[in-house]
2 protein chains.
Amino acid sequence: MNLPSSGQKSYHHGDLKNALVTAGIACLEQDGLAALTLRGIAARAGVSHTAPKNHFGSLRGLLTAIATEAWHRHAAAMRGQLPTDAPPRDRLVAMAEGYVGFATTNPGLYQLMLSPLHCDLTSPDFHSAARASYDVLAEVTADLIRTGQAPFSDPRQVETMLWSLVHGYASLAQSGMLGGPPGTGPVPVIADLLPL
Amino acid sequence: MNLPSSGQKSYHHGDLKNALVTAGIACLEQDGLAALTLRGIAARAGVSHTAPKNHFGSLRGLLTAIATEAWHRHAAAMRGQLPTDAPPRDRLVAMAEGYVGFATTNPGLYQLMLSPLHCDLTSPDFHSAARASYDVLAEVTADLIRTGQAPFSDPRQVETMLWSLVHGYASLAQSGMLGGPPGTGPVPVIADLLPL
DNA sequence: AGCGTAAGTTTACATTGGTAATATGGTGCG
DNA sequence: CGCACCATATTACCAATGTAAACTTACGCT
């Protein structure tokens, strides 16, 4: 029952579980959410369309696994840009830019990982991955509050406000609904919307 | 070519166009986004599943029409709660509560009207309906700026910030992703997140 | 009255996700 | 070493869906 550690194609496929997630992400990046079909992903991984059932139960399960991976990458994107020793407000800006940058660079993954229509939001793995992203935001918030630069004193309030703001911005930007009437100047960048 | 003014079932149906939109909203409120199938909506309106094509071209066209109606109701929900003669900050709170209230009360409509997967965001009707909602927010923003209570001086910046914040809050609240770790106290209300 | 055409229906079809039955091949036990 | 077992994967099949084409109906205009 021990998994083959790497790409060696022992057993029937090797580790189809990871291969399917990878194939799914490729489909997603290539043709968007609509391309996330059981048959399409399975074909890309070189297996029949019923193979995923053994590992994920259903399409929904597979999409949830993909979304979980998306949350991991999302957290990494934020942490990647986060200076460790810097003023809290610089860290906030970096986090916000990391957040929005991920959503902009990976529109498909970002849509998927927030869609209750595709994912099982109550899956434990999914939940803890999403939580890991939230923790980045909570850390930065704690810094802001400690130095008295937060707009509210209650951490929960600041967290919720920042989370809403940055998610709303990313979501609207992706829908193209940002910036009011078209042609009325450039869309403000996220860094200029943070109440510091 | 004159439309029958009311429910009289002249012609083949009367006005199937409105009937389909109404039926679609009913399906949506009853069983969520997944119930928005061509066949389901058509059956509810009492016609065959290919009838909608004459009026909307495709399922996407029908859903876009439903989403357009959703935006109209959304704007109405905000304006309904908006006091005409009141301090700008009271008007802001009322608008935000109207926004979030609509999303909470009509989760299906709210999901639909922001989903590029279901709707054609570039449809002129859709766009002008969404714009009408944005105008409510822009009006309130103008008041805030006039009285010097806005966090920024550029209206576009304030509009984008508020739009992002209120949409992000509504969207996350609906996904159940709001409030950080579960069981750590109540979720802050939108009125307490507005930087005034 | 009669014709043109918008409005709906019926039929057919490709694609999708899911289930059941079957084949395949690695693992471990004798 | 051989054989049974079971996870893994495939094939065949099904119901549901959106779309296209051919056909039917009945309004409106001349």
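Side-chain atoms are counted along with the backbone in the values below, which use heavy atoms only and exclude waters and symmetry mates. A quick note: this is a predicted structure, and the numbers were derived from the prediction, not measured. Chain identifiers are assigned alphabetically (A, B, ...) following the order of the sequence lines, protein sequences preceding nucleic acid strands; residue numbering begins at 1 within each chain.
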Single hit among B:Y134, B:W163, B:W71 for ring-ring contact (aromatic ring centres under 6.0 Å, His included) with B:Y99: B:W163
Rounded distance in Å - CG (B:L38) to C1' (C:dT9): 14 Å
Residues in contact with DNA chain D, drawn from residues 39-47 of chain B - heavy-atom cutoff 4.0 Å: B:R39
Any residue of residues 54-64 of chain A with a heavy atom less than 4.0 Å from an atom of DNA chain D: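 Those residues whose heavy atoms fall under 4.0 Å from DNA chain D, taken from residues 54-64 of chain A in numerical order, are A:N54, A:H55.
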Closest to side chain of B:H49, choosing from C:dG17, D:dA9, D:dG18: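 When the side chain of B:H49 is considered, D:dG18 is the closest of C:dG17, D:dA9, D:dG18.
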Do [X] and [Y] come close enough that some side-chain heavy atom pair is under 4.5 Å?
{"X": "B:L162", "Y": "B:L92", "value": "yes"}
{"X": "A:E97", "Y": "A:V93", "value": "yes"}
{"X": "B:L121", "Y": "B:H127", "value": "no"}
{"X": "B:M113", "Y": "B:H74", "value": "yes"}

A:R60, CZ atom: more than 12 neighbouring heavy atoms under 6.0 Å: yes
No-H, no-angle donor-acceptor pair, B:T50 side chain to C:dT10 base, under 3.5 Å: yes
B:L194 versus B:A96, closest heavy-atom pair with distance: CD1-CB, 4.0 Å
Nearest heavy atoms of B:A94 and B:Q81, plus distance in Å: CB-O, 3.4 Å
